[in-house]
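Please read the structure below before turning to the comments.
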Amino acid sequence: MKRFILAALVAFAWGGTAQAGVYHYQKYLYCYDCHTMHASMSHGFNGGTVGTTAQLGGNWLPNPGSPVPALLKGQGSDLCLGCHNNTTFAPDVSDGAAGAQLPRSAGAFPATAGGGGHALNGSSPPGGAMPTGQNTLQCTSCHIQHGYASYRNLGSRSDANVTPTMSFDTTKNYDGATDVILPGYDATVGYIPVLGGDFGGYYKMDKPRYQALTVNNVTLTNRMNNFCGQCHGTFHGAPGDATTVGGEDATAAFPGETGFQAGAYAEFLRHPTAGVYIGQVSIHGHSTPPGVNATTGAVNASFYSITNRVKAAITNGAPASWTAGYGTGFVVGERATPMCISCHNAHGSTKPFGLRFLVGNGTETDLENGGGKYRNLCGQCHSQGAKTLETYPAAFAPPVPLP
Amino acid sequence: MKQRPLLFAAVALAATAPSAARPGDWHQAETLACSDCHTMHDSSSGAAMRYDGSADAARFLLRNATSVLLCLACHDGTKNAPNVLQSVSGPPAGWFTRTAVDAIGSTAHPLGQPSPVSVPQGSGAMTLTCTSCHDPHGSPNYRNLREKPSGLDGPPPPPVRANQLVTANGTNASQVYVPGNVTYVSGMSTWCLDCHDRYDPTDPTQRDQLSAHPFDRTLSQSPSIWATWGATPANPRVRVQNPAGVATPPDAADQVFCLSCHQPHGNANPAGTVYPDGVSSTSACVQCHAM
């Protein structure tokens with residue numbers, strides 16, 4: 001009965017359909033979720049009780065309720081984790097049970113040994129530096145706590161680039177202009193807090209569909225990459241930029257070789273995060289395009305055909321030769337480009353550096369972290385070696401043992 | 001019940017029989033670790049990832065400036081990997097001298113040259129690196145030898161097969177990469193011919209095979225050679241290939257092959273020629289030819 005009343009209260013408080021924006025934004029920005037005027041509450045906003053743990057409606061105050069700067073109910077990211085750590089009403093970002101949200105598109109901050117990801121309270125982002133004015137990494141380093149017209153309220157704190165707004169749309173399947181598409185979004189559930197934490201699948205791994213755009217003069221990128229590059233700048237750049245990812249025209253890197261798609265790059269200094277298609281350099285085992293093996297007749301075990309696939313930015317305009325070999329999740333004629341979050345969960349994972357070790361095909365019970373090894377992640381796109389021997393098609397199994 | 005002794009015997013035989021060398025014992029299948037050689041961002045929590053300590057990111061995301069230097073980062077005797085620079089345990093393939101690695105040398109395959117080098121008794125020119133012969137991502141061949149080392153069009157040579165008593169587990173290089181552990185079975189000579197193609201006896205336009213030393217020739221086919229080979233002291237014998245997989249010569253299936261006279265990585269002698277007595281190649285010749 002209490003649960004029903006609470007649910008009704010939630011429906012009343014947060015009723016309505018979510019618009020362009022997410023929670024903590026515009027009409028879903030509730031001051032009292034995070035702030036307390038006097039560090040004192042003797043009763044709830046509707047006369048009810050006040051708890052010492054975070055709950056819907058703002059009727060809570062941490063125990064002890066000593067004042068915190070900025071009138072906050074908690075210190076730094078601990079305040080955010082009050083709701084976003086193993087509750088039934090807000091997206092969970094920590095290790096542990098996340099119920100219906102699994103697998104989460106951003107993973108979780110690691111609590112287990114061997115896990116990795118963004119280190120809250122850290123101050124040394126690899127490949128870059130903290131933005132001006134930011135001393136340590138907090139949830140609010142990436143998410144604008146008062147809302148932003150951007151996917152997930154993501155927004156840069158850097159003075160140099162304050163508007164890497166990631167556009168998103170919940171009504172389209174593909175438009176070639178929006179950073180993030182949320183196909184099948186359930187407006188009746190919305191992004192708002194909901195008991196049970198389903199959120200219409202909004203926070204699930206398979207929901208957001210990133211698109212490859214031209215952003216800041218980098219073709220085939222997504223503003224998510226640019227966003228990551230605000231702190232990890234050395235790791236992100238356009239192909240050919242010797243200060244970041246490097247690389248050169250594939251025809252120069254492999255003289256005498258043919259068969260590259262136009263604009264293909266190779267010899268990177270750091271792994272590209274944009275500007276290249278998966279399958280664009282198909283020789284030397286770099287990556288395999290969709291299609292059928294001319295010799296065996298088998299479907300190429302490419303990124304486009306495997307079942308358990310990492311995220312990538314999608315665009316139309318695949319070469320005419322790419323007419324077969326697409327698995328679920330791709331439409332013939334589409335192709336993909338790698339992103340930072342192809343390999344890394346933004347929050348983290350149980351694997352080092354927040355990586356996802358997906359084995360590709362076969363049974364994978366932990367899609368959020370992957371149950372394989374490092375090489376399985378690489379093997380999503382790169383066909384070198386026999387790292388996929390357990391699960392990939394027979395044509396890619398290791399050679400028959402010698403007699 | 002009567003079959004039990006046979007079964008036990010079969011099991012015992014299997015337990016003691018040399019194992020067929022996996023298609024490359026390392027850098028292959030379960031032991032192919034991308035991060036051994038590659039780094040995605042040249043950063044580990046901000047620290048450089050190259051084995052030489054340089055902060056400069058390298059091409060192909062390698063963890064050293066070149067592929068040769070990358071291989072040598074582990075295979076130079078400083079780590080628990082086969083040492084290709086020094087002849088401490090007499091590795092079957094011989095060893096490179098620093099000179100042979102860094103400049104054209106006459107005692108080994110010259111690696112890392114700035115421009116292609118003509119292949120002796122070959123119709124092409126190549127810039128050799130370790131990965132010219134060994135596939136760093138594994139291959140079906142013994143020692144991960146490339147399926148088509150010349151890179152030219154055409155079918156690959158037959159598989160290179162060898163047996164080993166002990167296979168690599170990442171900690172036992174001194175047991176694995178010694179001559180007594182390896183029995184070459186087939187394919188090695190024709191693999192060499194993929195680049196040294198002027199030795200190809202099937203190509204009438206190329207050098208007459210009779211003007212060069214034969215290879216893959218069974219020693220027992222010649223009574224005089226067989227008699228000499230049989231009388232050769234057990235140590236140090238030159239290596240032979242044995243299609244029957246018999247490890248200990250003399251055996252009727254023993255064959256002379258390229259590695260009978262040459263060590264592909266090289267040694268202290270011209271063309272990596274084997275000097276069993278440490279003095280001259282004659283001591284190799286007389287193991288088969290009575291003089």
Side-chain angles (χ1 to χ4, degrees), chain A residues 116 119 122-129 232-236 242-248 253-257 266-273 283-286 338 340 342-344 352-353 355 373-379 382-390 397-403, chain B residues 17-24 26-50 55-62 65 116 127 131 135-142 144 147 151-153 159-164 167 185-187 243 245:
Chain A
S123 59
S124 302
H232 306 284
T234 306
F235 299 163
H236 178 72
T243 64
T244 56
V245 300
E248 62 183 73
F254 302 115
E257 301 278 5
E267 291 212 41
F268 284 97
L269 299 173
R270 295 183 176 87
H271 197 283
T273 57
I283 63 169
H284 305 299
H286 274 69
C340 306
S342 295
C343 301
H344 300 274
F353 311 109
L355 297 169
K373 298 179 179 178
Y374 188 21
R375 65 173 177 272
N376 292 117
L377 171 59
C378 305
H382 301 282
S383 57
Q384 290 99 329
K387 66 276 173 185
T388 49
L389 75 168
E390 299 97 340
V400 176
L402 296 172
Chain B
S19 61
R22 277 176 50 185
W26 208 255
H27 302 301
Q28 201 263 2
E30 287 293 321
T31 59
L32 177 63
C34 312
S35 55
D36 278 352
C37 302
H38 296 285
T39 172
M40 295 304 99
H41 310 298
D42 191 35
S43 169
S44 178
S45 299
M49 288 290 288
R50 276 176 51 166
D56 295 333
R59 288 180 169 187
F60 294 111
L61 314 182
L62 294 177
T127 299
T131 59
D135 191 328
H137 299 117
S139 89
N141 284 333
Y142 172 67
N144 289 327
E147 294 181 85
L152 301 174
D153 292 336
V160 180
R161 295 180 173 177
N163 291 339
Q164 294 182 111
T167 55
V185 175
S186 63

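Fair warning: this is a prediction, and the values are worked out from it, not measured in the lab.
Only the backbone of Ala58(B) comes within contact range of chain A, with at least one heavy atom under 4.5 Å from a heavy atom of that chain.
Contact record, Gly46(B) with Pro126(A): N-CB, 3.7 Å, taken as the closest heavy-atom pair.
Taking CD from Glu267(A) and CG from Leu61(B), the interatomic distance works out to 10.5 Å, rounded to the nearest 0.5 Å. Note: Tyr374(A) OH to Met40(B) CE = 4.5 Å, rounded to the nearest 0.5 Å. Atom-to-atom distance recorded for Arg270(A):CZ and Thr39(B):OG1 is 8.5 Å, nearest 0.5 angstrom.
Between Glu248(A) and Arg59(B) the shortest side-chain heavy-atom distance falls below 4.5 Å.
Classification of the Phe235(A)-His41(B) ring pair by plane angle, with boundaries at 30° and 60°, yields parallel.
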